[in-house]
Amino acid sequence: MDGDYESYSSQEEMFKGIRESLCKGYASPEDAYEDALKGANDGDPDKMCFLAECHLYGVGTGVNNREGCKWLKKAAEAGSHAAQYSLAGMYIDGNYLQRNYDEAFRWLSMSVEGGEPPAQDMLGLMYENGLGCRQDCAAAARWYAKSAEQGYPDAQYNLAQLYFNGKGVEKDQEKAVDLFRQAALSGDQRAQNELGYCLSTGQGTVQDYEESVKWYTLSAEQGNAVAMYCLATCYGSGYGVEKDLSKAFEYSKKSADLGLAQSQYRAGTCLMTGNGCEINEKEAVRYFEMSAKQGFPPAEYSLGLCYMSGIGVKKSEPVAFRWFEKAAKAGIPDAMAEYGFYFMQGRLMPRNPEEGVKWFKEAARRGSAEGQYYLGLCYETGDGVEEDLDTAMHFYIQAANQGHEKALERARKIQYMMDENK
């Protein structure tokens with residue numbers, strides 16, 4: 001209820017600001033409405049558009065969305081580029097009118113004749129995404145460029161993305177960085193974050209960690225969750241700033257609370273290990289769950305471990321199995337090893353050693369010490385594969401070289417047996 005009230009209040013505040021803007025120069029809202037009505041009836045497209053706004057926002061009359069849309073269409077048909085742009089936006093968003101990308105594209109194509117940057121940028125977006133038209137990134141780039149040349153930050157950002165990735169234009173990361181910088185200087189938080197990324201990786205510009213932190217910070221201050229995640233990385237590793245694990249956790253948590261899955265996983269890991277914060281296993285599990293429910297594989301695996309061991313949550317092997325399965329199928333090597341182990345046990349499913357070995361092999365191939373260890377056991381005992389002590393030794397040594405103590409013990413025992421049998 002509180003959230004709904006807050007949303008309603010913010011919408012009312014926005015409407016209040018629009019109404020005040022529409023009434024400027026008039027003695028009262030009623031005078032504004034009467035002027036709009038007279039001009040609209042006289043066939044003035046701008047006044048038709050004004051009258052539509054009066055009905056949509058309740059200026060001098062009650063809010064009447066149907067009447068507002070009717071006059072907006074009349075204004076658009078009469079050639080008002082502003083009305084055509086607004087009408088296209090309604091068709092795209094599905095606000096007041098049923099979503100219809102074909103109609104949105106039709107009206108937007110007329111609107112851009114007025115040369116307004118927002119309309120040009122929106123038409124570029126439709127071409128880039130194939131909304132109401134055939135996807136055409138080259139056409140998108142042309143419209144973004146028209147808008148960007150007039151200093152419109154959204155278009156500068158969108159055009160920069162095309163140049164950075166070579167979509168619809170020849171790849172030119174230096175040009176992309178220049179466009180990101182232009183938009184960033186205008187305060188676009190997305191561009192600030194992208195500029196920080198380019199500076200941190202040296203793509204399209206000279207690598208400069210300190211400068212990247214500056215732009216990440218500006219973006220994060222505007223609430224950009226990805227920039228917060230990047231700042232957490234910088235503070236956690238000391239890139240461009242003095243290493244500070246508590247600040248790294250602070251930015252991870254802020255970003256996590258905004259819903260970024262990677263940050264939720266990172267915050268959970270910090271809370272589980274006490275990296276930059278006090279250990280709080282229950283809170284760690286909460287963040288792992290938020291991330292895992294968004295389909296972030298490392299969090300799925302970590303959550304599986306928590307349920308398997310009862311860390312921060314009530315132990316549940318069936319729940320652990322479900323998370324290991326998701327993470328394994330998403331390609332997490334250690335999860336593949338754990339998932340394969342369930343096939344060897346035969347407790348939650350029919351025992352299937354061959355299937356277990358298949359998952360162990362894939363985990364081992366991807367460098368999982370646990371997978372290498374389990375595969376060594378299979379070859380040592382002949383479970384799911386033909387017994388082969390040399391191959392078992394091979395996988396035990398691979399796991400032991402990664403610090404797997406049990407694998408080292410098994411390798412020593414096999415070596416002892418081999419020496420005894422000489």
Side-chain angles (χ1 to χ4, degrees), residues 76 81-82 84-95 97-206 212 215-216 219 222 224-227 229-230 260-262 295:
H81 296 310
Q84 291 162 350
Y85 174 69
S86 296
L87 197 58
M90 287 183 178
Y91 277 120
I92 289 171
D93 296 336
N95 289 334
L97 294 168
Q98 186 173 354
R99 181 173 282 130
N100 187 325
Y101 292 128
D102 291 341
E103 278 296 287
F105 181 79
R106 183 170 76 88
W107 287 112
L108 205 53
S109 297
M110 298 180 200
S111 174
V112 292
E113 293 175 10
E116 290 298 313
Q120 295 166 338
D121 176 61
M122 189 182 287
L123 187 59
L125 281 169
M126 296 201 79
Y127 271 117
E128 183 180 355
N129 295 289
L131 300 175
C133 61
R134 180 178 59 82
Q135 188 179 39
D136 187 341
C137 289
R142 289 194 296 272
W143 285 107
Y144 288 150
K146 288 177 183 289
S147 181
E149 285 164 5
Q150 298 183 68
Y152 193 58
D154 285 358
Q156 291 166 341
Y157 172 81
N158 291 329
L159 185 58
Q161 291 285 11
L162 294 186
Y163 274 109
F164 191 85
N165 297 300
K167 287 177 61 180
V169 290
E170 188 175 344
K171 190 172 184 176
D172 187 338
Q173 294 188 335
E174 287 187 15
K175 189 172 182 63
V177 168
D178 182 57
L179 286 161
F180 281 139
R181 191 179 295 277
Q182 290 178 46
L185 288 168
S186 297
D188 188 293
Q189 58 164 288
R190 300 166 305 163
Q192 290 168 342
N193 176 63
E194 292 295 341
L195 182 55
Y197 172 76
C198 291
L199 286 160
S200 69
T201 59
Q203 295 186 73
T205 186
V206 176
S212 75
W215 289 107
Y216 283 146
S219 182
Q222 294 194 68
N224 189 299
V226 177
Y229 174 82
C230 294
L260 190 68
Q262 295 95 316

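Since we're looking at a predicted model, the values are computed, not measured. Position 1 is the first residue of the sequence; numbering continues from there.
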> So how far is it from Ser111 OG to Arg106 CZ, rounded to the nearest 0.5 Å?
Replying inline: 13.0 Å
>> Any side-chain to backbone donor/acceptor pair from Gln161 onto Lys167? Under 3.5 Å, distance only.
In response: no
>> Does Lys175 form a side-chain contact (heavy atoms from CB on, under 4.5 Å) with Val169? I'd like the steps, not just the answer.
In response: CA-CA 11 Å; Lys175 189 172 182 63; Val169 290; over 6 Å; no
> Can you check whether Gln189's main-chain N or O pairs, donor with acceptor, with Ser219's side chain at less than 3.5 Å?
Replying inline: yes
>> Can you give me the closest heavy-atom contact between Ala227 and Asn193, atom names plus distance?
In response: CA-OD1, 3.2 Å
> Any side-chain heavy atom of Tyr163 sitting closer than 4.5 Å to one from Leu179?
Replying inline: yes
> Is there a side-chain contact between Met90 and Arg99, using heavy atoms and a 4.5 Å cut-off?
Replying inline: no
>> Strictly distance-based, threshold 3.5 Å: is any side-chain N or O of Thr205 a donor or acceptor partner for the main-chain N or O of Gly202?
In response: no
> How about Cys137 and Tyr127: do any of their side-chain heavy atoms sit closer than 4.5 Å?
Replying inline: no
> Say you draw a straight line from CG of Leu199 to OG of Ser212; how long is it, rounded to the nearest 0.5 Å?
Replying inline: 6.0 Å
>> Any side-chain to backbone donor/acceptor pair from Asn224 onto Val226? Under 3.5 Å, distance only.
In response: yes
>> Going by side chain to side chain donor-acceptor pair (under 3.5 Å), name the residues that satisfy it together with Glu174, two or more places apart in sequence or in a different chain.
In response: none
>> The criterion is salt bridge (Lys or Arg N to Asp or Glu O under 4.0 Å); which residues satisfy it with Asp136, sequence neighbours excluded?
In response: Arg134
>> Using every non-hydrogen atom in the two residues, find where Ala76 and Leu87 come nearest and quote the distance to one decimal.
In response: CB-CD2, 3.9 Å
> Nearest heavy-atom pair of Ile92 and Tyr101: which atoms, and what distance?
Replying inline: O-CE2, 4.0 Å
> Is there a side-chain hydrogen bond (donor to acceptor under 3.5 Å, both in side chains) between Gln182 and Asp178 once you walk through the steps?
Replying inline: CA-CA 6 Å; Gln182 290 178 46; Asp178 182 57; 3.0 Å; yes
>> Strictly below 4.0 Å, N to O, side chains only: are Asp154 and Arg190 in salt-bridge contact?
In response: yes
> Mind checking whether Tyr197 and Tyr216 have ring centres under 6.0 Å apart?
Replying inline: no
>> Tell me the closest heavy-atom pair linking Ser147 and Pro117, and the distance in Å.
In response: OG-O, 2.8 Å
> Which residues pass the side chain to side chain contact (heavy atoms under 4.5 Å, CB included) test with Ser86, sequence neighbours left out?
Replying inline: Leu72
> Is any side-chain heavy atom of Ser186 less than 4.5 Å from a side-chain heavy atom of Tyr152?
Replying inline: no
> What is the distance from atom CE of Met110 to atom NE2 of His81, rounded to the nearest 0.5 Å?
Replying inline: 10.5 Å
> With distance as the sole test, does Gln98 use its side chain to make a donor-acceptor pair with the main-chain N or O of Tyr91 at under 3.5 Å?
Replying inline: no
> Are Gln120 and Gln150 close enough, and set up right, to give a side-chain contact (heavy atoms from CB on, under 4.5 Å), and what steps lead you there?
Replying inline: CA-CA 10 Å; Gln120 295 166 338; Gln150 298 183 68; 3.0 Å; yes
>> For Ala184, is there any backbone N or O sitting under 3.5 Å from a side-chain donor or acceptor partner on Gln192?
In response: yes
> Within the side chain of Asn129, is there an N or O that forms a donor-acceptor pair under 3.5 Å with the backbone of Leu131?
Replying inline: no
> Rounded to the nearest 0.5 Å, how far does CG of Asp172 lie from CG of Asn165?
Replying inline: 12.5 Å
> Going by heavy atoms in the side chains, are Val112 and Tyr85 under 4.5 Å from each other?
Replying inline: no
> Between Gln84 and Leu108, is a side-chain contact (heavy atoms from CB on, under 4.5 Å) present by the stated rule, with each step listed?
Replying inline: CA-CA 6 Å; Gln84 291 162 350; Leu108 205 53; over 6 Å; no
> Side chains of Tyr157 and Glu194: does their closest heavy-atom pair fall under 4.5 Å?
Replying inline: yes
> Can you tell me how far CG of Leu123 sits from CZ of Arg142, rounded to the nearest 0.5 angstrom?
Replying inline: 10.5 Å
> Given the rule in the side-chain hydrogen bond (donor to acceptor under 3.5 Å, both in side chains) test, do Tyr144 and Gln156 qualify, once you have shown the distances and angles that lead to the verdict?
Replying inline: CA-CA 7 Å; Tyr144 288 150; Gln156 291 166 341; over 6 Å; no
> Can you tell me how far the CG atom of Leu159 sits from the CD atom of Glu149, to the nearest 0.5 Å?
Replying inline: 9.0 Å
